[in-house]
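Take a look at the structure set out below.
We count ligands from 1, going down the list as the structure has it; atoms in each ligand are counted the same way.
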Amino acid sequence: MKCALITGGSRGIGRAICEKLAADLGYHVLINYKAGIAAAQDTLANIVANGGTGEIIGFDVADAADTTRALAAWQEANPTAVMEVVVNNAGITKDGLFMWMQLQDWTDVTGVSMNGFFNVTSFFMQKMLRNRYGRIINIVSVSGVKGTAGQVNYSAAKAGVIGATKALAQEVAKRNITVNAVAPGFIKTDMTAGLDEKELVKMIPANRFGNAEEVADLVSFLASRKAGYITGETININGGIYS
Ligand code: NAP
């Protein structure tokens with residue numbers, strides 16, 4: 001059984017990626033969530049309705065012990081399953097000017113993006129190396145590429161993952177494992193629901209927010225056999241915002 005794991009696959013961009021990897025590439029999809037089990041079940045129902053297969057798997061990517069426990073239990077229950085694709089998509093924001101930022105706002109946001117990348121990716125790395133095939137795709141952000149005022153924590157977390165992407169890509173390229181980052185601009189999800197879209201589109205040349213399916217299409221290509229010579233890249237998908 002060839003599998004793809006999408007962290008934060010229950011809602012938003014992650015849900016669209018789960019659905020796309022099942023439909024386009026035929027993967028058995030592991031839909032990770034932290035708290036929203038009902039949303040994860042909805043994602044699974046959409047995959048099954050389209051003729052695909054998957055399962056939900058709850059764990060907090062920021063928590064190393066919880067992540068290892070859940071993934072080890074899954075691997076033990078599925079000894080022949082091969083994880084070919086890992087999409088590190090789970091992410092949170094805790095915005096505010098740095099002068100007022102609390103340590104907790106910093107550790108929470110870097111914990112999910114950066115430690116999440118480590119906790120999940122390191123679990124599968126040796127197995128992928130032995131299997132001589134893999135696709136690791138990290139969902140970062142325009143904020144990690146250019147830096148965004150009011151998001152010092154989030155910009156640092158995403159920039160950190162971009163650095164990790166470039167370095168890991170060089171370590172594992174010989175074994176047919178690619179490591180890439182996808183950097184969305186403003187995408188319509190729960191994360192951006194509170195933003196003033198009318199005002200913000202003025203700075204987007206495409207004059208609109210993107211949608212999760214557009215990001216998922218890019219991820220699906222990077223996850224495919226066709227993208228084997230692309231590695232260490234950060235691909236912007238932002239409607240033309242300078243980045
Ligand atoms: P979203 O709608 O808020 O969904 C976040 C997802 O991450 C949910 O499935 C959530 O699951 C999961 N999650 C959060 N913390 C987690 C944790 N500690 N462990 C496991 N899962 C966790 O977000 P989104 O807009 O789809 O964003 C997805 C990714 O794209 C994030 O990395 C975000 O930074 C990035 N991004 C988004 C935009 C945008 O405009 N939307 C732009 C650039 C980059 P629960 O509900 O169970 O917590």
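- The protein non-hydrogen atom at the shortest distance from atom 30 (O) of ligand 1 is Ile139 CG2, 3.3 Å.
- A salt bridge is defined here as a Lys NZ or Arg NE, NH1 or NH2 lying under 4.0 Å from an Asp or Glu carboxylate O, and Arg132 with Glu84 fails to meet this definition.
- Taking any N or O of Ala62, backbone or side chain, none lies under 3.5 Å from an N or O belonging to ligand 1.
- Annotation for ligand 1: atoms under 4.0 Å from non-hydrogen atoms of Val112 are 18 (N).
- Those atoms of ligand 1 with a heavy atom of Val140 less than 4.0 angstrom away are 35 (C), 36 (N), 43 (C), 44 (C).
- Hydrophobic clustering, with ILVMFWY side chains joined whenever heavy atoms are under 4.5 angstrom apart, groups Ile17 together with Tyr27.
- Nearest to atom 15 (N) of ligand 1 among the protein's heavy atoms is Ile92 CG2, 3.7 Å.
- Residue contacts with ligand 1 do not include Val215, since none of its heavy atoms lies under 4.0 Å from the ligand.
- Every atom of ligand 1 with a heavy atom of Thr192 under 4.0 Å away is listed here by number and element: 39 (C), 40 (O), 41 (N).
- Of all atoms in ligand 1, numbered sequentially from 1 with element shown, those under 4.0 Å from a heavy atom of Asn32 are 20 (C), 21 (N).
- Arg208 forms no cation-pi arrangement with Phe186, by the criterion of a distance under 6.0 Å to the ring centre and an angle within 45° of the ring axis.
- Heavy-atom distances between Lys158 and ligand 1 reach below 4.0 Å in at least one pair.
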From CA spacing to verdict: side-chain hydrogen bond (donor to acceptor under 3.5 Å, both in side chains), Asn88, Thr7: CA-CA 5 Å; Asn88 291 300; Thr7 67; 4.6 Å; no

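- When hydrogens are left out, the protein atom nearest atom 28 (C) of ligand 1 is Asn89 OD1, 3.2 Å; that is the closest non-hydrogen contact.
- Short contacts between ligand 1 and Gly91, defined as distances under 4.0 Å to a heavy atom of the residue, involve ligand atoms 31 (C), 32 (O).
- When each of Asn32, Leu5, Thr68 is tested with Val120 by the rule side-chain contact (heavy atoms from CB on, under 4.5 Å), just one qualifies, namely Leu5.
- In the hydrophobic cluster analysis, where Ile, Leu, Val, Met, Phe, Trp and Tyr join through side-chain heavy atoms closer than 4.5 angstrom, Phe209 is grouped together with Met203.
- Contact annotation for Thr7 and ligand 1: no heavy atom of the residue comes within less than 4.0 Å of the ligand.
- Ligand 1 lies nowhere less than 4.0 angstrom from a heavy atom belonging to Phe209.
- The shortest separation from a heavy atom of Gly185 to ligand 1 is under 4.0 Å, placing the residue in contact.
- If you check which protein heavy atom lies closest to atom 7 (O) of ligand 1, you get Gly8 CA, 3.4 Å.
- Judged purely by atom type and a 3.5 angstrom limit, Thr178 has no side-chain atom pairing as donor or acceptor with the backbone of Arg135.
- Taking atom 11 (O) of ligand 1 as the reference point, the nearest protein heavy-atom neighbour is Ser10 OG, 3.5 Å.
- Between Ala39 and ligand 1 there is no heavy-atom distance shorter than 4.0 Å.
- If you number the atoms of ligand 1 from 1 as listed, the ones under 4.0 Å from a heavy atom of Gly12 come out as 2 (O), 26 (O).
- Both Val179 and Phe123 are assigned to one and the same hydrophobic cluster, defined by single-linkage of ILVMFWY side chains at heavy-atom distances under 4.5 Å.
- Linking Ile, Leu, Val, Met, Phe, Trp and Tyr whenever their side-chain heavy atoms come within less than 4.5 Å puts Val112 and Met191 in one cluster.
- Applying the 4.0 Å criterion to heavy atoms of Asp190 picks out, from ligand 1, the atoms 2 (O).
- Between Glu233 and Asn180, the side chains place no donor N or O within less than 3.5 Å of an acceptor N or O (distance only, hydrogens not considered).
- Val172 and Met83 fall within the same hydrophobic cluster, where Ile, Leu, Val, Met, Phe, Trp and Tyr residues are linked whenever their side-chain heavy atoms come under 4.5 Å apart, directly or through other members.
- Nearest to atom 18 (N) of ligand 1 among the protein's heavy atoms is Asp60 OD1, 2.8 Å.
- Listed by atom number, the atoms of ligand 1 under 4.0 Å from Phe59 heavy atoms are 19 (N), 20 (C).
- Contacts between Val61 and ligand 1 below 4.0 angstrom, taking non-hydrogen atoms only, involve backbone and side chain alike.
- Proximity of a side-chain donor or acceptor of Asp66 to a complementary backbone N or O of Phe59 within less than 3.5 Å is not detected.
- Nearest protein neighbour of atom 36 (N) of ligand 1, counting heavy atoms only, is Tyr154 OH, 3.5 Å.
- Put simply, the side chain of Asp60 gets close to the backbone of Ala62: a donor and an acceptor are under 3.5 Å apart.
- The residue from Leu195, Ile187, Asp63, Ile13 that puts a heavy atom closest to atom 37 (C) of ligand 1 is Ile13.
- Taking atom 10 (C) of ligand 1 as the reference point, the nearest protein heavy-atom neighbour is Arg11 NH2, 3.6 Å.
- Checking each of Thr93, Thr148, Asp95 against Ser143 for a side chain to side chain donor-acceptor pair (under 3.5 Å) leaves exactly one that passes, namely Thr148.
- Annotation: Gly36 places an N or O atom under 3.5 Å from an N or O atom of ligand 1; distance criterion only.
- At a threshold of 4.0 Å, the pair Glu197-Lys188 counts as salt-bridged, since one of the basic side-chain nitrogens sits closer than that to a carboxylate oxygen.
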